[in-house]
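Following: one structure in structure tokens, then a few remarks.
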Amino acid sequence: MAIVKSTGISGPQRGLAEQVFSRAAGAPLVPGNAVNLLRDARENYPAWLSAIHLARHSILFENYIIEDDDVGRSFARALEARARDGVRVRVLYDWLGCQGNASRSFWLKLRDAGVEVRCFNPFQFDRPLAWLGRNHRKTLTVDGEVGFVSGLCVSHKWLGVPEKGVAPWRDTGLEIRGPAVADLVRAFAQGWGTVGPALDEEACLSDRAPAELGDVALRVVAGVPWSAGLFRVDQLIASLARKRLWLTDAYFVGTAAYVQALRAASRDGVDVRLLVPGSSDIPALRPLTQAGYRPLLEAGIRVYEWNGTMLHAKTAVADGLWARVGSSNLNPASWLGNSEIDVAVEDPHFARQMESMYMQDLEHATQVVLGGRDRRLVPANPRPLPRSRRGASGQRGSVSRAAAGAMRLGNTVGAAVSNHRELGRTESKVVFIAGVVPLLFAGAALWWPQAVAVPVAALCAWAGVALWSRALRLRRQEAEHPEEPRPVAEAELPPVPEAQAPRLLTEAEPRNAPEAERRQP
């Protein structure tokens, strides 16, 4: 891979380094692809719809949010039309992401047209916390020949409202043709199979799918909960970058390990930059992101805030050699909690395109610097935004963002209680709020015991009933499908008398011949 070559690693060590990348990502490097960089919805949506209209055999479409609005209905009509023409159309949507965004009638209409629709991880009474794991992927694969990976959901938010001066959300996607499309099919099949019968992957691929259509090598990193494949890759890239590492993220909540990797790279002379939203669709989480600025800025990392409506892209580019585009944010929820999908491209020409686009984005961003005697965070060259372009609070946010914020809060509170790391001054507000909450809870418990006891009792009852329900379901499954007798483990076998045990002659036995003779009468 190009970024490994740039480090000076050669010979057998280079092969070992490439193997490390493949194992860390859980994805092999696939050469021979053609990749097209797509910017914002104005380039992604038309490319998606064009591919859908040209589909001949199969369409595999999964997305975190599919909204029942003008944009969602345009995609629904295109999918319905292809299904009526005999194309096998499969749609996988996330229960939480689409909750409140698409009605039941929206999905029924798709099903009535012949589209196979599945809902990922709906809420279940006997699994009260299972809903926290979401399918945050955004992919479209057509005929096993062309695939799209991005951070874009299907909603009018990504198009904006030009007549009202509301700019579209900033996002990035890829169009892929070549052998790597088969990996996109396999990734979709993994998510599809968690909801119902498995997908026939071979039927979704064409005879032309394995053909090489370009000279770009890439990895399809399909993350599943607790696999942390992309986290390991991000750590490796932060360690290998020698000149530049430019990051764009919508909901940055860096872990201590990742922030340390970025700080180490910056102190080693790497130009590390981080572009984040200036106004978020989840305003409550923005202070958590800003609380992490200081350790980055003090290490020389440049932080920028986007001046537009909402920056939703999740990208990285290193040394003009390696680049990543996908659905994963730089936070624990994406690294550990969700099903995500990203494409790591190892091609200098594509990486230069990404760097050029990054520099264009910085023209619409404000740099954050440390200034003043008390080292307050102040913007450099602030640019006030018109009211129509300021970020508005979203109707409902992603659980991954809330989980990332909760993890950040838990990390800070845990550090304050256990003293396992030094807290930054910017974390004082988080610690103060964390101290207020238990005090309020204690006061409520003293003055209104029932106000605390009743909710706690209800939660305990829910947990007990949920566990009983789960146990009954497992017992029912055991009765309907009894397990086959398992082979007895070696440790469970009864001892065989030495006289009855068969004696095998081995090549090593002659070496013990004198000892054997001493045992003879």
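Each residue takes its place number in the sequence, starting with 1. If you're wondering where the values come from, they're calculated on a predicted model, not measured in any experiment.
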- Could you give me the CA-CA distance, side-chain angles and deciding distance for K138 and E62, then say whether salt bridge (Lys or Arg N to Asp or Glu O under 4.0 Å) is met? CA-CA 6 Å; K138 293 97 176 176; E62 65 179 332; over 6 Å; no

- Pair W306-T366, side-chain contact (heavy atoms from CB on, under 4.5 Å): steps then yes or no: CA-CA 6 Å; W306 175 253; T366 297; over 6 Å; no

- Hits for side-chain contact (heavy atoms from CB on, under 4.5 Å) against A76, two or more places apart or cross-chain, chain-then-number order -> E80, F106, L110

- Message: Run the side-chain contact (heavy atoms from CB on, under 4.5 Å) test against Q360 and tell me which residues pass, sequence neighbours left out.
- Response: R39, S356

- Message: Keeping T309 on the side-chain end and A167 on the backbone end, is there a donor-acceptor pair under 3.5 Å?
- Response: yes

- Message: Quick check against the 3.5 Å criterion: does N33 have a side-chain atom that pairs as donor or acceptor with the backbone of V216?
- Response: yes

With a 4.0 Å cut-off, would you call [X] and [Y] a salt bridge?
{"X": "E346", "Y": "R219", "value": "yes"}
{"X": "K314", "Y": "D249", "value": "no"}
{"X": "R170", "Y": "D361", "value": "yes"}
{"X": "K109", "Y": "D112", "value": "no"}
{"X": "R134", "Y": "D94", "value": "yes"}
{"X": "D143", "Y": "R56", "value": "yes"}
{"X": "R273", "Y": "D271", "value": "yes"}

- Message: Give me each pair satisfying salt bridge (charged side-chain N to carboxylate O under 4.0 Å, His left out) with a member in residues 187-203, each pair once, sequence neighbours excluded.
- Response: none

Separation between [atom1] of [X] and [atom2] of [Y], rounded to the nearest 0.5 Å:
{"X": "Q367", "Y": "L275", "atom1": "CD", "atom2": "CG", "answer": "11.5 Å"}
{"X": "W158", "Y": "M310", "atom1": "CH2", "atom2": "CE", "answer": "8.0 Å"}
{"X": "L247", "Y": "T315", "atom1": "CG", "atom2": "OG1", "answer": "8.0 Å"}
{"X": "I65", "Y": "L152", "atom1": "CD1", "atom2": "CG", "answer": "11.5 Å"}
{"X": "L330", "Y": "L274", "atom1": "CG", "atom2": "CG", "answer": "7.5 Å"}
{"X": "L296", "Y": "I301", "atom1": "CG", "atom2": "CD1", "answer": "4.5 Å"}

- E355 and D319 have their tightest heavy-atom pair at OE2-C, 4.1 Å

We want to know whether [X] and [Y] form a side-chain donor-acceptor pair, criterion being a heavy-atom distance below 3.5 angstrom.
{"X": "H312", "Y": "D171", "answer": "yes"}
{"X": "N44", "Y": "S150", "answer": "no"}
{"X": "S155", "Y": "N101", "answer": "no"}
{"X": "E340", "Y": "S327", "answer": "yes"}

- Hey, is CZ on R111 packed in by over 12 heavy atoms from elsewhere, all under 6.0 Å? yes

- Message: Can you tell me if R244 has over 12 outside heavy atoms packed within less than 6.0 Å of its CZ?
- Response: yes

- Message: Apply side-chain contact (heavy atoms from CB on, under 4.5 Å) to residues Y304 and V276 and explain how you reach the verdict.
- Response: CA-CA 6 Å; Y304 299 85; V276 296; over 6 Å; no

- Item | side-chain contact (heavy atoms from CB on, under 4.5 Å) assessment of R302 paired with V368 | CA-CA 7 Å; R302 285 186 266 188; V368 178; over 6 Å; no

Do any side-chain atoms of residues 174-190 form donor-acceptor pairs under 3.5 angstrom with protein atoms, and if so which ones, sequence neighbours left out?
residue, atom, partner, partner atom, Å
E175, OE2, R177, NE, 3.2
E175, OE2, R177, NH2, 3.1
D183, OD1, R186, NE, 3.4
D183, OD1, R186, NH2, 2.4
Q190, OE1, R137, NH1, 3.2
Q190, OE1, R137, NH2, 3.1

In a table with atom names and distances, give each donor-acceptor pair under 3.5 Å that connects a side chain of residues 255-265 to protein atoms at least two apart or in another chain.
residue, atom, partner, partner atom, Å
T255, OG1, Y258, N, 3.3
R263, NH1, P295, O, 2.5

- Assess the pair Y45 and F75: is the distance between their ring centroids shorter than 6.0 Å? yes

- Message: The criterion is ring-ring contact (aromatic ring centres under 6.0 Å, His included); which residues satisfy it with F231, sequence neighbours excluded?
- Response: W335

